[in-house]
Structure formats: structure tokens, C-alpha cells
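Here is the structure we will look at.
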Amino acid sequence: MLAEADHQALALRGEQLHAAGFRHAFFTRGGGVSAAPFATLNFFSGSGDDPDAVAENYRRAAAHLDVPVERLYVLSQVHGTDHHVLTGEEARHDVIQWRGDVTVSGTTGVACGVRTADCVAILVGDRASGAAAAIHSGWRGTADNAAGAGVAALRTLVGGDGDLVAAVGPHIERCCFEVGPEVAKTLALRSGLGDRVVDASRTRPHVDLRAIVAHQLEAVGVHVEHVPGCTVCDSRRFHSYRRDGRVSGRMLAAIVVKGAEPSTPR
């Protein structure tokens, strides 16, 4: 599942998305220019990082994805389920002000992105049309099924079910996702899996977001692959808000729309 396991790797990828021809990346915190405590690949200046360093980090990410930085889009994320369809004509500095948690596009060469620092990043590609979506799913988004909303937005764009594959990236895993009883109850009730997603053996509940998100995707007929990693546990590779608080950097996950597959002659 993991193409690059080295701690200094710039990015991780899903093998099935890669095999389907989608350029994509779950960027780690390595390979950028930001100084500590944001070292080194950080995609958010709102916590105090140098905006010029963040801009350079975006340029490096765009180069890795082989797209112009002007076509690498992220939103102002609000832990919801709203989406924006991108054509590639939008200005990046405008799009980053738009509120939402799902970026979707059918325009070849557009990179749909989301930023995370513990939340779940999901990259989805339609092998039939080449369209793609990036989904940000924190615990509130997971409770509201942001994954399902993102898939629905992508299917509306392509005009059918498509042939979808999704990769679920590194995030805060069950080992570290300690929550209060009410949050655990909410996630269990809305997950479709009940108490199976809650580890109640500890002093406070721990919840398995990966299991919930995978179930949500599978429930709408999407094949799921996992790119493993706990953002809290692995401080060498990942930023984590739970671990580092307000001085946490942000990671980027992005997928590039590819051209449609040619029709198979009959």
C-alpha cells in the first residue's frame, strides 16, 4: 500500500490510484523550507509560519504533482460536507477563501487538494472519466459523512456512478484519537458500525476514524485502499494539531484530474 516509507519522503501515495494513472500525493512534513516549529513542509501560514516559506512549499508540491501551482487548489475548511467544483479558471487566492471541505474537478490537469493536521484526507479518482475529488473529514465531517458527500459530488459531476477508487491517508489513528463519551457515542451511532469503532477499554474512549471512513466509502460502492500512518505518533513524518497545538503545521493531500480513458472498441 505504501510506495515510500522513508521518513524523509516528500510524499506517500496509494498504489491503486497510481496504477489507475492518477498523479497524487499525501505529503509528509519533509522536503520543504519552513523553519521550526513548522519544519519543513507546511501548507498553512495562519499559525505563524512565514508566508513566503508556505508559498515555496506549495510550489514544491505542485512540481511534485507536475502541475502549475496556479492549478493546485485548497479551500477554507470548516469541518463540513460542502463541495466546490473547480474548472482551473479560478484564481487560487480566491478559492482559498471559499468555505468547504471537498474539492472536485473534471478538468484535466487541475489538482484538487485538502489540508490536514490529524483529520482524514481522502483522495478519489474516477478511472472512467479521469475526474477526481479530495475530501477533508475530521470527526465532525466523519459524523456527517463527508466521504459520502464527496463521492456524491464527484458522481454528479461525471453523470453516473463512474469507476471510483479512493485512498485514505495518514491521520490520527485509534491509538491516539481519545475523545469524550458524547463524541464517541455520536460517531458510533452515525458510523453504521456501532460500538465496534470505539475502544472503551481505556479511561476515555478511543475511536477508529479509518474504519468509519472506509465503511462510508464502501457503503456507496467505492473501492478503498489505505495509506497508513498515525499523525500523532509519528512526529518525524507528520504534523499533528493534537500533539503540537496552535503551532502545528498543516499537510496537503492532492490528486490531479487525468484525461478520460479511451473507449474500448467492440
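Here the structure is a predicted model, which is why all the values come from computation and not from measurement.
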Going by atom types alone, do His206 and Arg202 pair a side-chain donor with an acceptor below 3.5 Å?
-> yes
Flag yes if more than 12 heavy atoms outside Arg99 fall under 6.0 Å of its CZ atom; otherwise flag no.
-> no
Between Asp82 and Asp101, does a side chain to side chain contact (heavy atoms under 4.5 Å, CB included) hold up when you go through it step by step?
-> CA-CA 6 Å; Asp82 288 345; Asp101 289 86; over 6 Å; no
Taking atom types as modelled and ignoring hydrogens, do the side chains of Thr142 and Ser137 form a donor-acceptor contact shorter than 3.5 angstrom?
-> yes
Does Tyr58 belong to the same Ile/Leu/Val/Met/Phe/Trp/Tyr cluster as Val110, with side-chain heavy atoms less than 4.5 Å apart forming each link?
-> no
Nearest non-hydrogen partners of Gly180 and Arg204, listed with the distance | N-NH2, 3.3 Å
Are the side chains of Leu187 and Val198 in touch, meaning some heavy atoms are under 4.5 Å apart?
-> no
Applying salt bridge (charged side-chain N to carboxylate O under 4.0 Å, His left out), run through Glu15 and Arg13 and close with a yes or a no.
-> CA-CA 6 Å; Glu15 285 305 311; Arg13 76 184 186 201; 3.1 Å; yes
Side chain proximity check, Leu164 to Leu154, heavy atoms < 4.5 angstrom | yes
Is the backbone of Gly88 close enough, under 3.5 Å, to the side chain of Glu90 for a donor and an acceptor to pair up by distance?
-> yes
Is Arg250 close enough and on-axis enough to Phe38, meaning under 6.0 Å and within 45°, for cation-pi?
-> no
NE2/His18: more than 12 non-hydrogen atoms of other groups inside 6.0 Å | no
Heavy-atom neighbours of Arg174 CZ exceed 12 at 6.0 Å | no
Minimum heavy-atom distance between Gly221 and Arg155, given as atom pair plus value | O-NH2, 3.9 Å
Is there a salt bridge (charged side-chain N to carboxylate O under 4.0 Å, His left out) between Glu182 and Lys185 once you walk through the steps?
-> CA-CA 5 Å; Glu182 287 304 312; Lys185 181 179 179 181; 5.2 Å; no
Side-chain donor/acceptor of Arg210 to backbone N/O of Gly169, under 3.5 Å | yes
Point-to-point distance, once rounded to the nearest 0.5 Å, from SG of Cys176 to CG of Asp118 = 8.5 Å
Determine, stepwise, if the pair Val257 / Thr107 fulfils side chain to side chain contact (heavy atoms under 4.5 Å, CB included).
-> CA-CA 6 Å; Val257 178; Thr107 303; 5.6 Å; no
Heavy-atom side-chain contact between Arg29 and Thr40 under 4.5 Å = no
Quick one: does Asn145's side chain have a donor or acceptor within less than 3.5 Å of a partner on Gly148's backbone?
-> yes
Backbone N or O of Gly113 within a donor-acceptor pair of the Thr103 side chain at under 3.5 Å?
-> yes
Taking C-beta and beyond as the side chain, do Val213 and Ile122 meet within less than 4.5 Å on heavy atoms?
-> yes
Main-chain N/O of Ala117 paired to Ser240 side chain as donor or acceptor, under 3.5 Å = no
From the list Val33, Leu252, Asn57, side chain to side chain contact (heavy atoms under 4.5 Å, CB included) partner of Leu41 resolves to Asn57
With sequence neighbours excluded, residues passing side chain to side chain contact (heavy atoms under 4.5 Å, CB included) with His84 = Leu75, Trp98
Rounded to the nearest 0.5 Å, the OG atom of Ser191 sits from the NE2 atom of His215 at a distance of 7.0 Å
Can you check side chain to side chain contact (heavy atoms under 4.5 Å, CB included) on Val207 and Trp139, steps first, answer last?
-> CA-CA 10 Å; Val207 177; Trp139 81 259; over 6 Å; no
Indicate whether any N or O donor in one side chain lies under 3.5 Å from an N or O acceptor in the other, for Asp144 and Thr81.
-> no
Heavy-atom distance under 4.5 Å between the side chains of Lys258 and Arg23, does that happen here?
-> no
Arg243 side chain to Val232 main-chain N or O, any donor-acceptor pair under 3.5 Å?
-> yes
Donor-acceptor contact below 3.5 Å, side chain Arg196 vs main chain Leu193 = yes
If only atom types and distance count, is the side chain of Ser45 paired as donor or acceptor with the main-chain N or O of Pro51 below 3.5 Å?
-> no
Which heavy atom in Ala147 sits nearest to a heavy atom in Gln216, and how many Å separate them?
-> CB-OE1, 3.8 Å
In terms of the angle between their ring planes, are Phe27 and His64 parallel, tilted or perpendicular, with boundaries placed at 30° and 60°?
-> perpendicular
Could you grab the distance from atom CZ of Phe26 to atom CG of Leu10, nearest 0.5 Å is fine?
-> 14.0 Å
Begin with the C-alpha distance, continue with both residues' side-chain angles, and end with the deciding distance and a verdict on side chain to side chain contact (heavy atoms under 4.5 Å, CB included) for His223 and Asp163.
-> CA-CA 9 Å; His223 181 77; Asp163 181 12; over 6 Å; no
Joint cluster assignment, Tyr241 & Met251, ILVMFWY side-chain distance < 4.5 Å = no
Smallest heavy-atom separation, Ala131 atom then Gly106 atom, equals CB-CA, 4.0 Å
Hey, does Phe44 have a side-chain heavy atom less than 4.5 Å from the side chain of His239?
-> no
Could you tell me whether the side chain of Cys175 reaches within less than 4.5 Å of the side chain of Cys233, counting heavy atoms only?
-> yes
Sub-4.5 Å side-chain heavy-atom contact between Val222 and Val165 = no
In terms of heavy-atom contacts, does CG of Asp195 have more than 12 from other residues, nucleotides or ligands at under 6.0 Å?
-> no
Identify whether Leu157 and Val114 are in the same connected component of the hydrophobic contact network (ILVMFWY, side-chain heavy atoms under 4.5 Å).
-> no
Nearest heavy-atom neighbours spanning Ala211 and Asp208 | N-OD1, 3.0 Å
Report whether Val95 and Val67 are members of the same hydrophobic cluster (ILVMFWY, side-chain heavy atoms less than 4.5 Å apart, transitive linking).
-> no
How long is the gap from NE2 on His24 to CD1 on Ile255, to the nearest 0.5 Å?
-> 6.5 Å
Test item: side-chain donor near acceptor, Arg115 and His136, under 3.5 Å = no
For the side chain of Glu173 and the backbone of Cys230, is there at least one donor-acceptor N/O pair under 3.5 Å apart?
-> no
What one should report as the nearest heavy-atom pair of Phe22 and Gly130 is CE2-O, 3.4 Å
Going from CG on Leu123 to CG on Leu17, what distance comes out if it is rounded to the nearest 0.5 angstrom?
-> 6.5 Å
Separation of Asp49 CG from Ser34 OG (nearest 0.5 Å) | 3.5 Å
Answer yes if Ile212 and Val168 sit in the same cluster of Ile, Leu, Val, Met, Phe, Trp and Tyr residues linked by side chain heavy atoms under 4.5 Å apart, and no otherwise.
-> yes
